[in-house]
K.L.:
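Below are the structure tokens for one structure; questions will follow.
So that the names make sense, note that chain A is the first sequence line, chain B the second, and so on, each numbered from 1.
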There are 2 protein chains.
Amino acid sequence: MHKYSGETRLLVATDCIIFGFDGANIKLLLVQRGLEPEKHKWSLIGGFIKPTESPEDAANRVLELRTGLKNVYMEQFQVFGKPERDPVERTLSVAYFALIDIHQYEAQLSEEYHPEWFLLDEMPDLIFDHNEMVRLAKRQLRYKAALHPILFQLLPEKFTIPQLQALYEGVYQTKFDDRNFSRKLLSTGLLVKLPEKDKLSSKKGAFYYKLDQSHYEENFESFLNLVPNPDKFF
Amino acid sequence: MHKYSGETRLLVATDCIIFGFDGANIKLLLVQRGLEPEKHKWSLIGGFIKPTESPEDAANRVLELRTGLKNVYMEQFQVFGKPERDPVERTLSVAYFALIDIHQYEAQLSEEYHPEWFLLDEMPDLIFDHNEMVRLAKRQLRYKAALHPILFQLLPEKFTIPQLQALYEGVYQTKFDDRNFSRKLLSTGLLVKLPEKDKLSSKKGAFYYKLDQSHYEENFESFLNLVPNPDKFF
DNA sequence: ACAAAAGTGTTCTTTATACACCCATGG
DNA sequence: CCATGGGTGTATAAAGAACACTTTTGT
């Protein structure tokens, strides 16, 4: 069984920083830890890697178990491995961040684990090094979103330009000029205008758009400059 | 000892993709594997994580053991964790890429493990998934170097603009316009002109420059556009 | 004197920013 | 009819790309 003799085997977990957007604010999905120590303290959604699964598999399994959601945008961003990070027993954690459409999630709520959404600035203190994980995930999200169109993963299929702008403004905690924002986003060619309007948030109504899926996939790796003055956010 | 009962512990290694630059070409440092299977086949430099060290610690320890070098620029970039990636026993690997000044290395050569430098296009086939690790490390290097001034880590303290350009051209396997290149690099304010010239590579001689260390550290996270048309490299 | 590499300047095009008005509609 | 949010246009500034000639000096 153990063929590299003399080496120490370690527990390896995945933890997932799950971002959601409710149309107005960015939120984070947290659960209460089910075991001692720090039982009932808030925690990221995570779990141990099983012998037959990759870290990706584990992250997807845990995410589905806790939220009911599959095929979620997820990105590995850092291994956390300080020997003392989990006081129970040494555990490495492969951290992922995930982006989900918060309304789609609500429909599939996993009753058993009752996770809850928190506003970024109303988050409770988290167990272990999870606060640090969140800090770095937010940073990574800003970094990646400044260059690549990942934030669409947080929106429903149909969305308006004002919604999209609110999303970017939430991520970067700032206001962008509407005229320049819509021009920039439209100029990427990623958006397809739909004939319908969203009449909920204004009298005039705002046109819905959807992603041009093939254009999106082709240009995903390109360096798009989606955020003005990105430097100031790092 | 094992306090999370019922969970499986795994071997965790680090592997390091070590890039060097000899003034003309980018190279990769490889060693021959010391144990079966695939003994004597070429491999990245790596080793198992010990119970008391973080992945970073392990990567640094292994690097020093094999090359004699400390305080090397190193960046974690991906965990490789397919269950079958090491046929001997399941092993996760935390991959790092490192950038070192090849001439500094030569002075500190570790006799015991006789690692060797290979040109990127003359590399032997590597064990396990190390070919894939190298592919992704090259990609990551290009990505990061297009935005941040990391390639200076591959040069000696004093370097000339033509050397710097040859380095960038090596990383991106293309030619850049000299006039635009030097203007762009000088405009970053990262370079300090020295009064001496390097007379080895031309009759006229090229002025040496060094990094403005404080400016370098302050601007490291900024989005610099160091590479023309970066999109085409991904 | 010439070959070989270093260094510098100008124009043009593209992109980014700043800013101000008209539009559509529900109440 | 007017308040509210949606949508568009233009002028200026900055950055990027393309391109050609002069300088230095070892041989």
K.L.:
Calculate the interatomic distance between F181(B) atom CZ and dT8(C) atom P; express it in whole Å.
P.N.:
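About 15 Å, once rounded to whole Å.
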K.L.:
Name the nucleic acid region contacted by S201(A), choosing base, sugar-phosphate or nothing; use a 4.0 angstrom heavy-atom cut-off, strictly under.
P.N.:
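Here S201(A) touches the backbone only, sparing every base.
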K.L.:
Quick check for you: among dT8(D), dG6(D), dT8(C), whose closest atom lies nearest to any side-chain atom of K193(A)?
P.N.:
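Between dT8(D), dG6(D), dT8(C), the one nearest the side chain of K193(A) would be dT8(D).
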K.L.:
Between atom CD in E196(A) and atom C1' in dA24(C), what is the gap in whole Å?
P.N.:
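Rounded to whole Å, this separation is 18 Å.
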K.L.:
In terms of the angle between their ring planes, are F220(B) and Y73(B) parallel, tilted or perpendicular, with boundaries placed at 30° and 60°?
P.N.:
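Answer is tilted, since the angle falls between 30° and 60°.
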K.L.:
Looking at K210(B) and E157(B), is any side-chain nitrogen of the basic one under 4.0 Å from a carboxylate oxygen of the acidic one?
P.N.:
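Salt bridge flag = no for K210(B) with E157(B).
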K.L.:
Will you find, in the side chains of Y216(A) and E218(A), an N or O donor that is under 3.5 Å from an N or O acceptor?
P.N.:
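E218(A) and Y216(A) do not have a side-chain donor-acceptor pair below 3.5 Å.
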K.L.:
Which residue, L186(A) or V227(B), contacts DNA chain D at a nucleotide closer to its 5' end, judged by nearest heavy atom?
P.N.:
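Comparing both residues, the 5'-ward one is L186(A).
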K.L.:
Would you say dA16(C) has OP1 or OP2 under 4.0 Å from some side-chain N or O of N225(A)?
P.N.:
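Checking dA16(C) against N225(A), a side-chain N or O does come within under 4.0 Å of OP1 or OP2.
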K.L.:
Looking only at side-chain N and O atoms, does Q173(B) offer a donor or acceptor that is under 3.5 Å from a partner on E169(B)?
P.N.:
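Absent: no donor and acceptor within the cut-off.
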K.L.:
Atom CZ of R179(A) and atom P of dA16(C): how far apart are they, to the nearest Å?
P.N.:
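Distance, rounded to whole Å: 17 Å.
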K.L.:
What's touching nucleotides 25-27 of chain C from the protein side, N or O pairs under 3.5 Å?
P.N.:
{"from": "dG26(C)", "atom 1": "OP1", "to": "K199(A)", "atom 2": "NZ", "distance (Å)": "3.4"}

K.L.:
May I have the distance from Q163(A) (atom CD) to dG6(D) (atom C1'), rounded to whole angstrom?
P.N.:
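Value for this atom pair: 13 Å.
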K.L.:
Rounded to whole angstrom units, what separation is found between the CG atom of D198(A) and the P atom of dG7(D)?
P.N.:
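Atom CG in D198(A) sits about 10 Å away from atom P in dG7(D).
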K.L.:
Regarding T160(B) and D198(B), is there a side-chain donor-to-acceptor distance under 3.5 Å anywhere?
P.N.:
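There is no such pair (donor and acceptor under 3.5 Å, judged by atom type) between the side chains of T160(B) and D198(B).
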K.L.:
How long is the line joining CG of N180(B) and P of dT10(C), in whole Å?
P.N.:
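About 14 Å, once rounded to whole Å.
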K.L.:
At 4.0 Å (heavy atoms only), tell me whether D177(B) reaches a base, stays on the sugar-phosphate, or touches nothing.
P.N.:
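D177(B): base contact, heavy atoms under 4.0 Å.
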K.L.:
So does I45(B) get a backbone contact from the side chain of R66(B), meaning a donor-acceptor N/O pair under 3.5 Å?
P.N.:
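Not at all, since once roles are kept as given, no pair shorter than 3.5 Å links the two residues.
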K.L.:
Using the six-membered ring wherever Trp is involved, compare the ring planes of Y172(B) and Y168(B) and label them parallel, tilted or perpendicular (cut-offs 30° and 60°).
P.N.:
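Judged by the thresholds at 30° and 60°, the geometry between Y172(B) and Y168(B) is parallel.
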K.L.:
What is the separation between atom CG on L185(B) and atom C1' on dT8(C), rounded to the nearest whole Å?
P.N.:
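After rounding, the gap between these two atoms is 16 Å.
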K.L.:
Rounded to whole angstroms, how far apart are CZ on R183(B) and C1' on dA17(D)?
P.N.:
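Computing the R183(B):CZ to dA17(D):C1' distance gives 9 Å.
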